[in-house]
Amino acid sequence: MTFQSTKDFHDNSLLHMLFGPADAHLHHIEKRLGVKLASRGNQVLAAGEQDRVEAAMATLDRLYERLNGGLEVGTADIDAALRFEQDPESGSSPVPVIVTRKRHVQARTPTQAAYMRAMENHQLVFGLGPAGTGKTYLAVAQAVQMMLKGEVDRIVLSRPAVEAGERLGFLPGDLKDKVDPYLRPLYDALHDMLPGDQVAKRLAAGDIEVAPLAFMRGRTLAHAFVILDEAQNTTPMQMKMFLTRLGEHSRMVITGDLSQIDLPSGMPSGLRDALTILDGVEGIGKVTFTDKDVVRHELVARIVRAYDAHDKSKK
């Protein structure tokens, strides 16, 4: 038996953004949930299996609240709302938002929401999982938000330049020119959060520092938000060195994907080593992403799943 439901949305000025051009957003929800949706004035009618109809209506509620808060709604935001509605543990809890100068960054999956809360509540957080899940992007956003609020004085972003290896000396330019290509994703994330002139100004003043991991030795990073990206490519000694840089009133986020280690064969990963040694240590948060959390392109999620299946078949 087909279940039917109706819902009224009272602010007519938001309806064209909620429904999308020619009801494109409603059609997207129909396709994802296998329900029938129709708009009549400020009302939406839904028909299908009861649980799917209820998920569709709850998704529209989430999107309507987003529009009420002054945020836009696009296909990626619809997919995000659907993920939350299909996660039994999400409930009706508010979706966390990070506010920066250029954008409001909202969690797009329940795991992203857990990651954002972990960064808010822990001094040290490990963010683990495949590419495209927002591990680094959200960490940079959280760092920028805390700096703008005055909760930290500076941001330090680091990566091991493992890919360069011994070839680093053969690249043209000075040391900065040689290592910058390996740090480019961190610069890109910064420019998404702050106007370009502010990024340049803060880099010049030392409020933001982007540096290869080797530059961290011997330092104590106090009143700072410190991010180590691509941490699967650290050695155990490098990881210990980095972890012990944590100073007073600082936060540290370490991100990595243990399925993409570029270290020489036989060399253990410092990230895997740290996760074992620090398991159960108080004050440390750990959040693990999966292919379900990939928010770049739907094809990226399918690629990640295909590689995971291939790796499991080999094992």
Quiz prompt | NZ/Lys102: more than 12 non-hydrogen atoms of other groups inside 6.0 Å | solution = yes

Quiz item: Any side-chain donor paired with an acceptor under 3.5 Å for Asp257 and Gln232?
Solution: no

Quiz prompt | Which residues share a ring-ring contact (aromatic ring centres under 6.0 Å, His included) with Tyr64, sequence neighbours left out | solution = Phe9

Quiz item: Among Thr136, Thr255, Asn233, Asp229, whose side chain to side chain donor-acceptor pair (under 3.5 Å) with Arg159 holds?
Solution: Asp229

Name every donor-acceptor pair, under 3.5 Å, that has one atom in a side chain of residues 200-214 and the other anywhere in the protein, sequence neighbours excluded.
| unit_1 | atom_1 | unit_2 | atom_2 | d |
| --- | --- | --- | --- | --- |
| Glu209 | OE1 | Arg219 | NH1 | 3.3 |
| Glu209 | OE1 | Arg219 | NH2 | 3.0 |
| Glu209 | OE2 | Arg219 | NH1 | 2.8 |

Practice problem: Not counting sequence neighbours, which residues clear salt bridge (charged side-chain N to carboxylate O under 4.0 Å, His left out) with Arg52? List them please. | Solution: Glu49

Quiz item: Do Gln142 and Glu120 have side-chain N/O donor and acceptor atoms under 3.5 Å apart?
Solution: yes

Self-check item: Atom NE2 of His104 with >12 non-hydrogen neighbours under 6.0 angstrom
Solution: no

Quiz item: Salt bridge or not for Lys36 and Glu30, using N-O below 4.0 Å?
Solution: no

Self-check item: Asp79 and Arg32 ion-paired at < 4.0 Å
Solution: yes

Self-check item: Which residues share a ring-ring contact (aromatic ring centres under 6.0 Å, His included) with His191, sequence neighbours left out
Solution: none

Exercise. Applying ring-ring contact (aromatic ring centres under 6.0 Å, His included), name anything that partners Phe289, two or more places apart in sequence or on another chain.
Key: Tyr115

Exercise. List in chain and number order the residues that pass ring-ring contact (aromatic ring centres under 6.0 Å, His included) with His223, two or more places apart in sequence or in another chain; answer none if no residue qualifies.
Key: His249

